[in-house]
Amino acid sequence: MARVETACAVLAVALLACLLGAGADGSDHRYKEGDRVPLYANKVGPFHNPSETYRYYDLPFCAPDHPKDKKEALGEVLNGDRLVDAPYELNFKEDKNSKTLCQKKLSKEQVAKLRDAVAKDYYFQMYYDDLPLWGFLGKLEKDKEQGGGKYLLFKHIHFDIMYNNDRVIEINVQTDPNVAVDITEDKEVQVDFSYSVTWKKTDIPFEKRMEKYSKSSSMPQHLEIHWFSIINSCVTVLLLTGFLATILMRVLKNDFIKYSHEDESLEDQEETGWKYIHGDVFRFPEQKSLFAAIIGSGSQLLALAIFIFLLAIVGVFYPYNRGALFTALVVIYALTSGIAGYTATSFYLQLEGTNWVRNLILTGCLFCGPLFLTFSFLNTVAIAYSATAALPFGTIIVIILIWALVTSPLLVLGGIAGKNSNTEFQAPCRTTKYPREIPQLPWYRSTIPQMAMAGFLPFSAIYIELYYIFASIWGHKIYTIYSILFIVFIILIIVTAFVTVALTYFQLAVEDHKWWWRSVLCGGSTGIFIFFYCIYYYHARSDMSGFMQTSFFFGYMTCVCYGFFLMLGTVGFRASLVFVRHIYRSIKCE
């Protein structure tokens, strides 16, 4: 086990080095006057459909004679980045005034293609010295009186670049609607594309040039909303959990007093409440293998979330560190697979399971399986659309190799370590041979109403922050306040644990001893609430449209919600198990 931990530590260090260098081109970002500064065109696509992006030269733009693709890291490819040499020459500290880029005669088909792009609010994205820049291809001037409108294609771009000594600090793009060509009609059009460049000196140091992109999410009015969200969540959580804790502690105290008196009273006195089922409460659940696999996968996803937050807090995921988050997710998931193998196998054997190899395979496929099927479908859709979201064959091979050479071996090593741990399940009470019959219970004590109650409180603590996360992932806003997000995550874990414990107690109090699966379902029900929020966000808070974007949004968000279900279900069960062991250890069980 020590060797496995050492190997994981070495791989983690390698990951950190990889992340810190992600998106960089190996340059020291220092230039002399007249030096060529790297400018790469990345992608184009509808502004409201962030997943539907295409290669820059899929549209009939001016192109260099031999454009070269930039070599990209794994995370950049997963992010849909496809960088290629741009046609503009923005040499260091060289001003240019209306320089002709190219003269292009657009055919009817090309005009129709560009008109469709303008109608869908297509934007382009480039990187200049690793600084991102955006602009729109054109605009639609609507005619309110006659209806319809004119489709204008911008043919001139102005670059405003700021520098400090020998470094590029900032770049902005401006397009002039007055210098545009009408592409409303289906006819050939002659276009003279041009650009201009202005260099200006600034005192902003190179180390702070990325702060411009994070200011939007840390402006005072946005910070107030975030802190209000946290304070609101904390107050709500403290009041409700305090209320539940008071009731729970008072009821438990009365139970302990009552049961201690019962022990001193006549032996034939009938037991009631949760003590009555002490011989059944530690009866192992049905579907042991699936149950243990859920606990293993949930533990791995919890570890993954914690590591991602740690990297975010130390500043690895600064704005537009291209692909760093995707690289981290892939590599850390691979490295933490040993946690899933160890947890699932050791717990499965504690539940007196026999076929631990099958359990290990189930654990490895429980989250990866649905994710792989979803990815296969969405990648096929992206290929059909010729979008940059379609992964190249080489990248798919790299991911398969990571799974085969890192994820699977660590999963097996974790499983072997779990098998050799020889840990026995610690039950304070002996389990009877035959289970007691569960009394008839009212409808609101069934599984689905209990899940609805269990998921609402944790969801109410995070729903305000969810909007900002969605607007960042499925929009063009930037999210950099990871410390606040981490606080919200901790609140989510605490509330999930507490609410599940409370519902487990109320379940045992009515002599329902099948709490194992219920605790997982109640803990994980927040994932279902998040999925319903996805539906609300798509229809009410976003302008996403089209089959591809809709498929990507609901496909990947379903996988994320499923991951939350596994992770929070594990938290709910672990908390309930600690609680149940504690209360039954506090009384005398026969």
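Hydrogens, waters and symmetry mates play no part in the numbers below; they use all other heavy atoms, side chains included.
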Spatial distance of atom [atom1] ([X]) from atom [atom2] ([Y]) [nearest 0.5 Å]:
X: Gln300; Y: Leu566; atom1: CD; atom2: CG; value: 10.0 Å
X: His48; Y: Ser542; atom1: NE2; atom2: OG; value: 9.5 Å
X: Ile416; Y: Ser421; atom1: CD1; atom2: OG; value: 12.5 Å

Would a line drawn from the ring center of [X] to the ring center of [Y] be shorter than 6.0 Å?
X: Trp356; Y: Tyr342; value: no
X: Phe326; Y: Phe317; value: no
X: Phe309; Y: Phe489; value: yes
X: Phe529; Y: Tyr533; value: no

Answer yes or no: is there a side-chain heavy-atom contact under 4.5 Å between [X] and [Y]?
X: Ile530; Y: Tyr463; answer: no
X: Thr558; Y: Tyr562; answer: no
X: Phe554; Y: Thr550; answer: yes

Task: Which atom of Tyr479 lies closest to which atom of Leu485, heavy atoms considered - done: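 Closest pair (atom of Tyr479, atom of Leu485, distance): OH-CB, 3.6 Å.
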- [ ] Show the numbers, then the answer: is there a side chain to side chain donor-acceptor pair (under 3.5 Å) between Thr53 and Thr388?
- [x] CA-CA 6 Å; Thr53 54; Thr388 60; 2.5 Å; yes
Measure up the [X] and [Y] rings against each other and bin them: parallel (under 30°), tilted (30 to 60°), perpendicular (over 60°).
X: Phe579; Y: Tyr505; result: perpendicular
X: His476; Y: Phe47; result: parallel
X: Phe553; Y: Phe470; result: perpendicular

Open item on the list: Using a 6.0 Å distance limit plus a 45 degree cone around the ring axis, check whether Arg541 lies over the aromatic ring of Tyr536.
Closed with: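 Judged by the rule (NZ or CZ under 6.0 Å from the ring centre, within 45° of its axis), Arg541 is not positioned above Tyr536.
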Open item on the list: Check whether Phe291 forms a cation-pi arrangement with Arg518 (NZ or CZ under 6.0 Å from the six-membered ring centre, at most 45° off the ring normal).
Closed with: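 No, Arg518 and Phe291 do not form such a contact.
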Open item on the list: For Gln350, is there any backbone N or O sitting under 3.5 Å from a side-chain donor or acceptor partner on Glu424?
Closed with: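 Answer holds: no.
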Open item on the list: Is it the case that the side chain of Trp516 and the backbone of Arg283 share a donor-acceptor pair, with hydrogens and angles ignored and the cut-off at 3.5 Å?
Closed with: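 It does hold such a pair.
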Open item on the list: Run the ring-ring contact (aromatic ring centres under 6.0 Å, His included) test on Phe284 and Trp517 for me, step by step, so that the C-alpha distance in whole Å, both residues' side-chain angles and the decisive distance to 0.1 Å come before the verdict.
Closed with: CA-CA 10 Å; Phe284 296 146; Trp517 276 106; over 10 Å; no
- [ ] Check Ile361, Leu362, Ile294, Thr363 against Ser289 for a side-chain contact (heavy atoms from CB on, under 4.5 Å) and give me the one that passes.
- [x]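 When Ile361, Leu362, Ile294, Thr363 are each tested with Ser289, the side-chain contact (heavy atoms from CB on, under 4.5 Å) holds only for Leu362.
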Open item on the list: Taking Asp512 first and then Arg445, would you say they form a salt bridge - that is, a charged N and a carboxylate O separated by under 4.0 Å?
Closed with: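 Salt bridge between Asp512 and Arg445, a charged N being under 4.0 Å from a carboxylate O: no.
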